[in-house]
Amino acid sequence: MLEKINGPQDIKHLNREELEALASEIRQFLIEKISAAGGHLASNLGVVELTMAIFLTFDLPKDKIIWDVGHQAYTHKILSGRKDSFDELRQYGGLSGFPKTKESPCDSFDTGHSSTSISAGLGMAQARDIKGEEYSVVSIIGDGALTGGMAYEALNNATRMEKNFIIVLNDNNMSISENVGGMSRYLSSIRTGSGYNDLKKNVTSILEKIPVAGPKLIDKISRTKQGIKQLLIPGMLFENMGITYLGPVDGHNLKQLRRVLQEARKLDHAVLVHVLTKKGKGYPPAEENPSIFHGVDPFFIDTGKPKNPKKQPGYTDIFSRKLCQLAEERKDIVAVTAAMPDGTGLARFARLYPDRFFDVGIAEQHAVTSAAGMAAAGLKPVVAVYSSFLQRAYDQILHDVCIQNLPVVFAVDRAGLVGSDGETHQGIFDLSYLTSIPNMSVMAPKNLWELRRELEFAVNFDGPIAVRYPRGEAYRGLKEFNEPVVYGKGEMLYEEDQIALLAVGSMVSTAEHIREKMKAEGYRVTLANGRFIKPIDYELAARLASRHQYLVTLEENVLRGGYGLEVTAYVHEHYPQVKTLNIALPDAYVEHGNVSVLREELGIDSDSIIAKIKQYFFADR
């Protein structure tokens with residue numbers, strides 16, 4: 001059946017038996033492709049029938065489908081004609097793991113972060129109505145994403161819609177008993193049937209014409225109806241907001257899904273369709289451990305085990321163990337995460353100190369402000385979050401933490417290039433936005449030993465401070481350099497007198513390799529670790545500038561607003577004779593791909609940097 005799918009309309013030519021076969025083939029296809037290339041598995045296996053029902057019910061690309069986060073859109077990509085591109089899934093220049101408007105007209109909105117689809121869909125529906133166009137808008141959002149406040153802001157505004165707007169709630173974690181579910185489906189079918197809605201409109205119209213008593217009767221009937229709904233219908237939160245609630249419906253029953261979506265299209269206002277799905281459906285290892293199979297590296301299909309298991313601990317592992325050790329010594333340390341206990345390494349902390357662990361769900365803004373409240377009340381909160389997700393809480397960092405100079409520690413994981421998840425997940429802006437905030441201090445470790453030292457320093461620091469570290473295996477080089485952390489001070493690693501390399505964080509290891517290669521060619525190269533991005537160690541910068549002709553700064557962050565430009569401004573003011581070169585990422589969004597490939601393409605690998613140094617400083621030789 002899969003061979004017959006080459007465009008968004010092809011699925012509509014299949015009969016019931018063929019559709020059942022297609023669902024099975026899609027699951028097998030996903031398991032095979034993701035086991036080879038890696039990607040998001042459990043969430044995609046859970047929405048196969050839901051995606052098929054959407055393609056059967058709606059007319060893509062005319063109708064607009066918006067996937068919240070979007071990592072569950074693999075079946076959407078298959079049905080819209082991109083199955084032949086899955087061998088290059090999440091590889092540089094290949095198929096993205098998220099919806100991309102530049103990739104297909106069936107992708108109506110770029111997504112990657114959570115809780116955004118209702119807002120985007122509402123905006124599209126409003127544009128449709130203003131322009132007098134006719135098409136459906138469907139926003140799919142997960143139950144986890146509903147913990148994000150932005151979703152409720154959008155729901156609040158969706159109640160004002162006077163034309164059709166469909167929200168699909170993909171619920172893969174809520175258990176509803178059979179009898180309640182059956183009654184709810186029955187009531188939903190009655191309430192959404194055209195006869196019922198027509199009758200409701202006609203009765204209201206007739207009663208409105210009765211002087212004095214008419215409005216009172218309407219109000220009394222309405223209140224009575226609301227009371228009955230409160231007893232019998234789940235989803236009254238949405239009903240009370242003015243959004244028609246349909247469901248829950250079995251998210252793996254194609255017939256039921258098609259029926260409820262067809263009914264939802266008939267309504268002239270906002271409607272929410274509650275769909276129950278099972279994460280990882282069809283692949284036992286993913287069904288048993290959906291969190292492990294949320295995002296996976298290549299694995300063996302028969303066992304579910306990774307093909308390339310980690311041999312060395314990563315920075316996240318080092319952070320996890322050190323924080324637990326510190327928490328054993330200090331009872332005021334608490335840990336906060338936004339639905340990422342495993343990804344940020346806080347699962348171990350949660351097991352050891354459950355009363356001091358807070359998973360707030362997908363709600364980074366709340367995570368930061370609640371941490372501010374804890375700090376104001378005398379605790380030492382550590383907020384562990386991915387760099388790209390911390391962007392969502394910029395105002396809370398500025399307004400709730402830094403204005404009051406509260407001692408909150410930000411453990412900024414996945415800082416720098418993260419690779420296969422692409423533009424929405426690259427952690428390449430945190431140095432720029434964090435250092436722009438008064439009272440914020442920012443550190444970056446060069447290796448695993450320094451991460452431990454910096455975390456220990458951070459929990460004893462009296463003010464807001466961030467420790468940013470990259471994804472992946474922790475660097476074990478430069479072990480002999482393990483000086484105590486002094487606020488605002490970097491360190492000299494190797495000192496010579498021709499070219500000075502001043503690096504921060506992950507780029508210190510790159511600079512070490514540059515130094516080794518250039519020394520082999522006869523260059524005299526100094527290497528210094530900035531350690532603090534804010535405050536900058538200007539004494540170290542002065543020492544380098546006073547003893548060298550050439551100074552190179554290295555950081556894994558965009559150039560604009562970053563470390564290098566600040567250092568360069570200082571050097572140019574005080575040492576105008578020194579030539580400087582800033583190695584950083586371009587002022588652009590970085591697409592998906594293997595990190596090593598991306599580093600080469602962006603010119604921040606050691607060989608590319610050496611070529612730049614020679615071209616910039618020694619081109620006339």
Side-chain angles (χ1 to χ4, degrees), residues 7-8 39-40 43-44 47 50-55 57-82 85 89-90 95-131 133-146 148-158 161 163-170 243 261 264-265 270-273 275 362 364 388-389 391-392 420-426 588-592:
H40 292 90
S43 55
N44 281 289
V47 296
L50 172 58
T51 311
M52 290 172 62
I54 288 170
F55 273 73
T57 306
F58 299 96
D59 182 16
L60 277 73
K62 177 185 177 183
D63 294 328
K64 311 304 178 187
I65 312 300
I66 303 166
W67 295 89
D68 201 84
V69 183
H71 57 231
Q72 76 281 49
Y74 290 10
T75 300
H76 168 94
K77 296 198 174 201
I78 292 169
L79 296 180
S80 58
R82 285 171 274 178
S85 300
L89 176 67
R90 308 201 316 154
L95 190 69
S96 170
F98 295 83
K100 292 291 174 211
T101 54
K102 64 183 180 183
E103 196 175 273
S104 168
C106 292
D107 293 359
S108 58
F109 198 83
D110 287 4
T111 52
H113 289 181
S114 181
S115 311
T116 64
S117 65
I118 304 177
S119 296
L122 181 60
M124 282 192 172
Q126 290 165 332
R128 171 200 65 191
D129 299 343
I130 289 172
K131 295 170 69 176
E133 297 175 343
E134 293 290 334
Y135 57 83
S136 294
V137 179
V138 182
S139 293
I140 300 109
I141 188 167
D143 55 309
L146 279 182
M150 185 175 174
Y152 293 96
E153 296 172 24
L155 287 169
N156 181 58
N157 278 274
M161 285 296 296
K163 289 190 177 181
N164 185 253
F165 172 47
I166 300 171
I167 303 162
V168 175
L169 172 57
N170 172 32
I243 299 172
L261 290 173
R265 294 188 74 174
V271 53
L272 184 140
V273 179
V275 178
I362 302 175
E364 290 83 3
S388 66
F389 298 155
Q391 296 164 186
R392 297 158 63 90
S420 301
D421 284 335
E423 296 101 320
T424 57
H425 286 63
Q426 310 286 11
Y589 298 104
V590 178
E591 67 171 279
H592 55 278

Taking it one step at a time, do Ser136 and Arg265 satisfy side chain to side chain contact (heavy atoms under 4.5 Å, CB included)?
CA-CA 8 Å; Ser136 294; Arg265 294 188 74 174; 3.4 Å; yes

Report the distance from atom [atom1] of [X] to atom [atom2] of [Y], rounding to the nearest 0.5 Å.
X: Ser117; Y: Ile66; atom1: OG; atom2: CD1; answer: 7.0 Å
X: Thr111; Y: Lys100; atom1: OG1; atom2: NZ; answer: 7.5 Å
X: His113; Y: Phe389; atom1: NE2; atom2: CZ; answer: 5.0 Å

Looking only at non-hydrogen atoms, find the nearest pair between [X] and [Y] and report the distance.
X: Ser96; Y: Glu103; answer: N-OE1, 3.0 Å
X: His425; Y: Phe98; answer: CE1-CZ, 3.5 Å
X: Pro8; Y: Ser80; answer: CD-O, 4.0 Å
X: Ile243; Y: Ala158; answer: CD1-CB, 4.3 Å
X: Asp107; Y: His76; answer: OD1-NE2, 2.9 Å
X: Ala73; Y: Pro99; answer: CB-CG, 4.0 Å

Within a 6.0 Å radius of atom CD on Glu134, are there more than 12 heavy atoms belonging to other residues, nucleotides or ligands?
no

Donor-acceptor under 3.5 Å ([X] side chain, [Y] main chain):
X: Asp63; Y: Phe58; result: no
X: Tyr152; Y: Leu146; result: yes
X: Gln72; Y: Gly70; result: yes

Is the terminal nitrogen or CZ of Lys64 (NZ for Lys, CZ for Arg) located under 6.0 angstrom from the six-membered ring centre of Phe109 and within 45° of that ring's axis?
no

Passing candidate, side chain to side chain contact (heavy atoms under 4.5 Å, CB included) with Asp68, options Ile141, Ile140, Ile167
Ile141

Evaluate side chain to side chain contact (heavy atoms under 4.5 Å, CB included) for Trp67 paired with Thr51, printing each intermediate quantity in order.
CA-CA 10 Å; Trp67 295 89; Thr51 311; 3.3 Å; yes

Please state whether the rings of His40 and His71 are parallel, tilted or perpendicular, taking 30° and 60° as the class boundaries.
parallel

